[in-house]
Amino acid sequence: MKKHLRLFSWLMLLVFNTSCKDQVKNDQEKNQSNFQSNNSNTSNAPNSIVRNIVQDGKGNIWMATWEGVFRYDGKSFTNVTKQVSSARFFSVLEDSKGNMWFGSIGSGVYYFDGKDFQNFTTKEGLPNNEITSIYEDQANNIWLGTNGGLSRYDGKTFQNFMLTEDSIVDDKTGKTVPDFTRPPNEVNSIIEDNTGIFWFATRGNTYLYDGKTFTIISHKDKPFTNVRSLIEDKKGTIWLGGNDGLWRYDPSTSLKAGEGKFTNISKNFIGYIHEDKKGNIWTSSETKEGSWVLTHYYSHTFLNKTPAATEINTKERKMLFGILEAKDGSIWFGSDGVYRYNGKTITDFRSK
């Protein structure tokens with residue numbers, strides 16, 4: 001296994017209508033009444049925690065799991081990393097060139113070109129070997145969220161950024177910035193919005209990065225903490241989900257001026273957010289009773305105070321992780337194994 005050597009630099013930077021349309025109501029009733037469960041018992045499918053799911057340009061579905069990284073070609077599952085690493089995997093990305101990136105817990109990140117693997121760890125300059133999220137920006141840099149900050153890879157070198165859980169108010173600017181006397185924090189989610197601003201969600205605070213300065217995002221002077229998922233939808237709206245529920249940010253308002261408009265959609269703990277082809281939003285969330293559900297929010301009701309939504313019964317799965325809408329329109333999600341929802345039934349692919 002070939003490893004790349006390179007120079008690296010460490011930087012410490014300052015830094016979401018109560019009524020529904022009749023059609024939506026009919027759809028909700030249809031989904032609930034026609035729900036069935038189907039166990040596929042596919043051999044070689046993952047049987048442990050599935051954290052992240054993506055589909056590549058060729059239609060293969062990739063899953064980052066505690067047993068390794070699996071690829072599903074529409075017929076069978078293959079554990080691609082079985083002979084490479086015994087680590088747990090949390091994140092997977094197909095980059096713009098069609099290469100795959102696999103983030104592990106304890107063994108850094110693996111780059112896979114379809115034939116060979118390359119492994120990058122702290123020896124190559126990563127701040128930590130626990131890779132919790134992976135993202136490719138508009139300039140084709142690969143961002144790695146770790147359990148010790150951020151790392152940006154330009155194809156040659158890594159540039160590291162440390163983010164902390166606690167914050168202070170800068171006496172000169174009045175801005176809320178990280179308190180770098182505290183240890184760095186785990187990065188859960190990364191996006192770059194259509195204006196080129198980066199959003200980083202951590203177990204602590206959520207940050208904006210303009211290329212120079214990190215600023216902590218807050219609403220009514222309360223920082224967004226333990227945000228687990230960030231997405232920008234087709235209309236440029238930013239969605240945040242985590243410990244404080246599901247929130248939507250109106251991009252026509254100014255975050256820099258501290259006047260950003262955030263709307264709270266749900267108070268349930270949110271694990272993951274995904275936008276489908278029709279612009280609907282799907283989330284995995286924990287109810288007040290402690291069970292986990294898939295929730296489908298209908299895009300044409302987003303202007304309502306409370307958007308119309310359908311909760312999909314997932315047979316009391318303990319936790320739900322990554323969500324994917326496949327090219328055929330089916331919804332895949334991870335839990336203790338991988339599952340597929342076709343609008344009527346949920347297929348359980350576990351082989352045990």
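Predicted, not measured: the structure shown is a model, and the values here were computed from it.
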For this session: Determine, step by step, whether Ile323 and Ile331 satisfy the side chain to side chain contact (heavy atoms under 4.5 Å, CB included) criterion, reporting the C-alpha distance in whole Å, the side-chain angles of both residues, the deciding distance to 0.1 Å, and the verdict.
Result: CA-CA 7 Å; Ile323 305 172; Ile331 300 296; 3.8 Å; yes
For this session: Please assess Tyr153 against Trp143 for the test ring pair (Phe, Tyr, Trp, His ring centres under 6.0 Å), listing each intermediate value before the final yes or no.
Result: CA-CA 6 Å; Tyr153 181 62; Trp143 289 80; over 10 Å; no
Exercise. If you round to the nearest 0.5 Å, how far is NZ of Lys261 from CG of Asp250?
Worked result: 6.0 Å
Exercise. Ignoring hydrogens and geometry, is there a side-chain-to-backbone donor-acceptor pair from Lys58 to Gly98 under 3.5 Å?
Worked result: no
For this session: If the plane angle is over 60° it's perpendicular, under 30° parallel, otherwise tilted; pick one for Phe117 and Phe112.
Result: parallel
Exercise. Should we count NZ of Lys288 as having more than 12 external heavy atoms under 6.0 Å?
Worked result: no
For this session: Look at Asp336 together with Arg350 and state whether they make a salt bridge at an N to O cut-off of under 4.0 Å.
Result: yes
Problem set entry | Co-membership, hydrophobic cluster, residues Leu126 and Leu93, 4.5 Å side-chain | yes
Seminar exercise, completed: Heavy-atom nearest pair, Phe77 first then Pro46, reads CD2-CD, 3.9 Å
Exercise. Can you name the closest pair of heavy atoms from Thr65 and Ser48 and give their distance?
Worked result: OG1-OG, 4.3 Å
Exercise. What distance do Ile312 atom CD1 and Thr295 atom OG1 have between them, rounded to the nearest 0.5 Å?
Worked result: 8.0 Å
Exercise. Between Asn119 (side chain) and Val109 (backbone), is there a donor-acceptor pair under 3.5 Å?
Worked result: yes
Exercise. Going by atom types alone, do Asn60 and Tyr72 pair a side-chain donor with an acceptor below 3.5 Å?
Worked result: no
Exercise. How far apart are the closest heavy atoms of Val80 and Arg71, and which atoms are they?
Worked result: CG2-CB, 3.8 Å
For this session: State whether the side chain of Thr202 and the backbone N or O of Gly204 hold a donor-acceptor pair below 3.5 Å, judged by distance alone.
Result: yes
Problem set entry | Interatomic spacing from OG in Ser284 to CG in Leu320 - rounded to 0.5 Å | 5.5 Å
Exercise. Do side-chain atoms of Asn280 reach the backbone of Ser299 as a donor and acceptor pair under 3.5 angstrom?
Worked result: yes
Exercise. Would you say the side chain of Val92 lies within less than 4.5 Å of the side chain of Met100, judging by non-hydrogen atoms?
Worked result: yes
For this session: Would you give the length of the straight line joining atom CD1 of Ile134 to atom OG of Ser91, rounded to the nearest 0.5 angstrom?
Result: 3.5 Å
For this session: Evaluate the side-chain hydrogen bond (donor to acceptor under 3.5 Å, both in side chains) criterion for residues Ser285 and Tyr272: first the C-alpha distance (whole Å), next the side-chain angles of each, then the deciding distance (0.1 Å), finally the verdict.
Result: CA-CA 7 Å; Ser285 63; Tyr272 204 84; over 6 Å; no
Seminar exercise, completed: Between Thr146 and Pro127, the two heavy atoms sitting closest are OG1-CG, 3.8 Å
Problem set entry | Criterion side chain to side chain contact (heavy atoms under 4.5 Å, CB included) on Phe262 and Lys220, from CA distance to verdict | CA-CA 10 Å; Phe262 290 91; Lys220 295 183 178 179; over 6 Å; no
Exercise. Which residues satisfy the salt bridge (Lys or Arg N to Asp or Glu O under 4.0 Å) test with Glu67, sequence neighbours excluded?
Worked result: none
Exercise. Are Asn342 and Arg340 linked by a side-chain donor-acceptor pair shorter than 3.5 Å?
Worked result: no
Exercise. Restricting to pairs with a member in residues 100-109, which pass side-chain hydrogen bond (donor to acceptor under 3.5 Å, both in side chains), not counting sequence neighbours?
Worked result: Asp95-Trp101
Problem set entry | Parallel, tilted or perpendicular: ring planes of Phe333 versus Tyr339, cut at 30 and 60 degrees | parallel
Exercise. Can Asn141 and Glu136 be said to form a side-chain hydrogen bond (donor to acceptor under 3.5 Å, both in side chains), step by step?
Worked result: CA-CA 6 Å; Asn141 298 304; Glu136 183 177 19; over 6 Å; no
For this session: Report yes or no: does Thr206 contribute a side-chain atom to a donor-acceptor pair with the main-chain N or O of Ile217 at less than 3.5 Å?
Result: no
For this session: Could you tell me whether Lys327 atom NZ has more than 12 heavy atoms of other residues or ligands within 6.0 Å of it?
Result: yes
Exercise. If you measure only the distance, is there a donor-acceptor pair under 3.5 Å linking the side chains of Trp332 and Ser330?
Worked result: yes
Exercise. So, does Asn52 use its side chain to make a donor-acceptor pair with the main chain of Gly322 at under 3.5 Å?
Worked result: no
Exercise. Which atoms form the tightest heavy-atom contact between Asp193 and Gln138, and what is the distance?
Worked result: O-NE2, 3.2 Å
Exercise. CD1/Ile238 to CG/Leu208 distance, rounded to the nearest 0.5 angstrom?
Worked result: 9.0 Å
Problem set entry | Donor on one side chain, acceptor on other, Ser96 and Asn140, under 3.5 Å | yes
For this session: For the residue pair Thr287 and Asn268, confirm or rule out a side-chain donor-acceptor distance under 3.5 Å.
Result: no
Problem set entry | Full working for ring pair (Phe, Tyr, Trp, His ring centres under 6.0 Å) between Tyr111 and Phe102 | CA-CA 7 Å; Tyr111 169 85; Phe102 310 138; 9.5 Å; no
Exercise. So Asn160 and Ser151, side-chain hydrogen bond (donor to acceptor under 3.5 Å, both in side chains) or not? Walk me through it.
Worked result: CA-CA 4 Å; Asn160 296 326; Ser151 191; 2.6 Å; yes
Exercise. Does the gap between the ring centers of Tyr110 and Phe120 come in under 6.0 Å?
Worked result: no
For this session: May I ask whether Leu246 and Val293 are part of the same hydrophobic cluster, defined by side-chain heavy atoms of I, L, V, M, F, W, Y residues being less than 4.5 angstrom apart, directly or through others?
Result: no
Exercise. Between Thr121 (side chain) and Gly108 (backbone), is there a donor-acceptor pair under 3.5 Å?
Worked result: no
Problem set entry | Thr81 side chain to Val69 backbone, donor-acceptor under 3.5 Å | yes
Seminar exercise, completed: Rounding to 0.5 Å, atoms OG (Ser335) and CZ (Arg51) come to a distance of 11.0 Å
For this session: Walk me through it: do Trp199 and Tyr135 pass the test ring pair (Phe, Tyr, Trp, His ring centres under 6.0 Å)?
Result: CA-CA 11 Å; Trp199 300 59; Tyr135 182 80; over 10 Å; no
For this session: Check for a donor-acceptor pair, side chain of Tyr341 on one end and backbone N or O of Gly343 on the other, with a separation under 3.5 Å.
Result: yes
For this session: Taking the six-membered ring for Trp and the full ring for Phe, Tyr or His, determine whether the centres of Trp239 and Phe302 are under 6.0 Å apart.
Result: yes
Exercise. If you count the non-hydrogen atoms of other residues, nucleotides and ligands that lie under 6.0 Å from CG in Asp328, is the total more than 12?
Worked result: yes
Exercise. Are Tyr207 and Phe198 close enough that their ring centers fall under 6.0 Å?
Worked result: no
Seminar exercise, completed: On a heavy-atom basis, the closest approach of Thr213 and Asp210 is N-OD1, 2.7 Å
For this session: Quick one: sort the Trp282 and His296 rings into parallel, tilted or perpendicular, breaks at 30° and 60°.
Result: parallel
Exercise. Which is it for Ile105 and Thr132 under the side chain to side chain contact (heavy atoms under 4.5 Å, CB included) test, yes or no, and what are the steps along the way?
Worked result: CA-CA 7 Å; Ile105 300 301; Thr132 50; 4.3 Å; yes
Exercise. Is it true that a side-chain atom of Thr122 and a backbone atom of Gly125 form a donor plus acceptor pair closer than 3.5 Å?
Worked result: no
Problem set entry | Intermediate values then yes/no, side chain to side chain contact (heavy atoms under 4.5 Å, CB included), Trp62 and Asp56 | CA-CA 8 Å; Trp62 298 77; Asp56 68 21; 2.8 Å; yes
